[in-house]
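Each chain gets a letter, A, B and so on, in the order its sequence line appears, and its residues count up from 1. Source: prediction; values computed, not measured.
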Amino acid sequence: MPTGDRVPRTAVALIALAGVAGGGLLTLGATRTHPPPPRAAPGTNTDPAEGSGTAPGTPLPHATPAQITIPAIHVHADLVPVGASATGELEVPPPDRPTVAGWYRLGVSPGEAGNAVIVGHVDSRETGPAVFYALSRLQPGDRIHVTRSDARTATFTVDGIGSYPKTRFPTDLVYGAGTAPRLRLITCGGRFDEHTRSYLDNVVVFATLLP
Amino acid sequence: MKTQSILGSAALGVGLGTLLLPAAALADTTVSPATTPVGGTVVLTSTCNPKSGDALFHVTGPDRDQNVRSTTAAAGGGLSAELFTAGFTLGTYTVTATCGDGTSSGSATFTVTPIGGAPAGTGTDADNHGLLAAGGTLIGAATTGALLLVRRRRHAATHA
């Protein structure tokens with residue numbers, strides 16, 4: 001009889017534990033929400049650097065970038081090279097690695113003459129806020145550091161930030177082949193379309209290499 | 001009088017030459033727009049004199065080495081051709097132009113870029129779906145277990 005009593009008590013305890021845990025998870029799932037990412041103001045069609053008066057630093061030679069650090073929004077992330085999809089769309093880092101950012105390897109490297117492009121997720125279905133979640137909070141003058149495979153660190157200053165509809169993406173401003181060493185950071189932003197499960201805008205940060 | 005006329009003509013010639021020299025030196029090649037999403041069209045323009053024949057644009061880049069012959073007289077003077085970038089590898093291309101008389105007309109670059117923006121966000125609510133699913137599973141298991149226990153006790157009471 002003692003054994004017979006013990007088994008039901010253990011079972012009752014397990015059932016109660018499962019019930020409590022299940023109830024807790026249901027409550028958490030029903031109430032936990034990540035706030036939407038902060039929004040950036042609509043972007044303009046001119047490079048913010050044109051009015052900043054910041055003299056860019058001397059261009060560096062080509063070197064693969066390894067990490068990006070943005071102290072103002074507590075970003076410190078590894079960089080992986082990305083290219084373009086078969087349809088010609090800019091690749092992004094794998095969705096299962098939302099904490100890394102992607103360097104557009106078909107363009108110049110950060111610090112080289114021209115516009116280097118780094119893209120990162122704003123959020124992820126699986127893990128919530130991602131590497132560039134707070135990108136819209138950057139302000140002109142904030143610093144961006146990119147460590148490179150040649151052991152140099154290219155430091156950029158933010159010239160401006162803007163939000164652009166994906167249907168009117170500012171290709172010239174982002175990829176333009178100028179001679180000054182500049183950096184463009186890209187993520188998603190604006191209104192979220194539940195139907196397509198995607199954001200309607202891209203947020204672009206414009207930055208210039210510091211001397 | 002004759003000497004003055006000769007001097008005047010010479011001065012006029014030097015003046016005209018001075019004015020025309022920069023124009024000749026400005027013979028150049030441009031590409032518009034300087035960046036285009038892959039599949040877009042760029043216009044190659046050279047300041048070559050159309051009277052000397054077609055200009056030849058030599059396009060080189062990541063996966064390309066091709067010649068494009070001018071097809072039209074450019075609106076502002078010179079010669080131009082359209083270049084369709086479908087199938088181009090993304091990257092930067094260099095265009096050098098040679099005029100019909102064989103003279104070089106300089107060079108320019110253009111960049112073929114990805115199309116549109118970046119799909120860099122998928123929303124965040126799906127993680128809650130996982131929590132709800134796990135919670136529901138546990139509640140279901142607890143309910144099933146409770147029912148089994150109740151049945152077992154009833155069964156035991158009936159046979160006691």
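- Around atom CZ of B/Arg64, more than 12 heavy atoms belonging to other residues, nucleotides or ligands sit under 6.0 Å away.
- Both the backbone and the side chain of B/Ala118 come within contact range of chain A, each with at least one heavy atom under 4.5 Å from a heavy atom of that chain.
- The greatest number of non-hydrogen atom pairs below 4.5 Å with chain B, out of A/Leu14, A/Asn202, A/Val203, is found for A/Asn202.
- The two residues A/Gly19 and B/Ala142 have their closest heavy-atom pair at N-CB, 3.6 Å.
- More than 12 non-hydrogen atoms from other residues, nucleotides or ligands lie less than 6.0 angstrom from CZ of A/Arg143.
- For the pair B/Gly121 and A/Asp123, the tightest heavy-atom approach, listed with the atom from each and the gap, is CA-OD1, 3.5 Å.
- Looking at A/Thr87, the atoms closer than 4.5 Å to chain B (heavy atoms on both sides) all sit in the backbone: N, CA, C or O.
- Of the listed residues (B/Gly140, B/Ala141, B/Gly39, B/Pro119), the greatest number of heavy-atom pairs within a distance under 4.5 Å of chain A belongs to B/Pro119.
- Contact annotation for B/Ala146: both backbone and side-chain heavy atoms come within less than 4.5 Å of a heavy atom of chain A.
- Per-residue heavy-atom pair counts under 4.5 Å with chain A were compared for B/Leu148, B/Thr109, B/Thr143, B/Thr113, and the maximum is reached by B/Thr113.
- For a residue to count as touching a neighbouring chain, one of its non-hydrogen atoms must lie under 4.5 Å from one of that chain's; by this rule A/Tyr164 does not touch chain B.
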Output, in order, the C-alpha distance, side-chain angles, deciding distance and verdict of side-chain contact (heavy atoms from CB on, under 4.5 Å) for A/Phe169 and B/Ile115.
CA-CA 9 Å; A/Phe169 188 77; B/Ile115 297 171; over 6 Å; no
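- With a threshold of 4.5 angstrom between heavy atoms, B/Thr92 does not approach chain A through any atom at all.
- Using a 4.5 Å cut-off between heavy atoms, A/Val122 touches chain B through backbone and side chain atoms alike.
- Taking each heavy atom of B/Ala120 and A/Val119 in turn, the nearest pair found is CB-CG2, 4.2 Å.
- Results of the side-chain contact (heavy atoms from CB on, under 4.5 Å) test with A/Thr171 over B/Pro37, B/Pro114, B/Pro33 single out B/Pro37 as the only residue that passes.
- Ranked by heavy-atom pairs shorter than 4.5 Å toward chain A, the options B/Thr111, B/Leu90, B/Val38 are led by B/Leu90.
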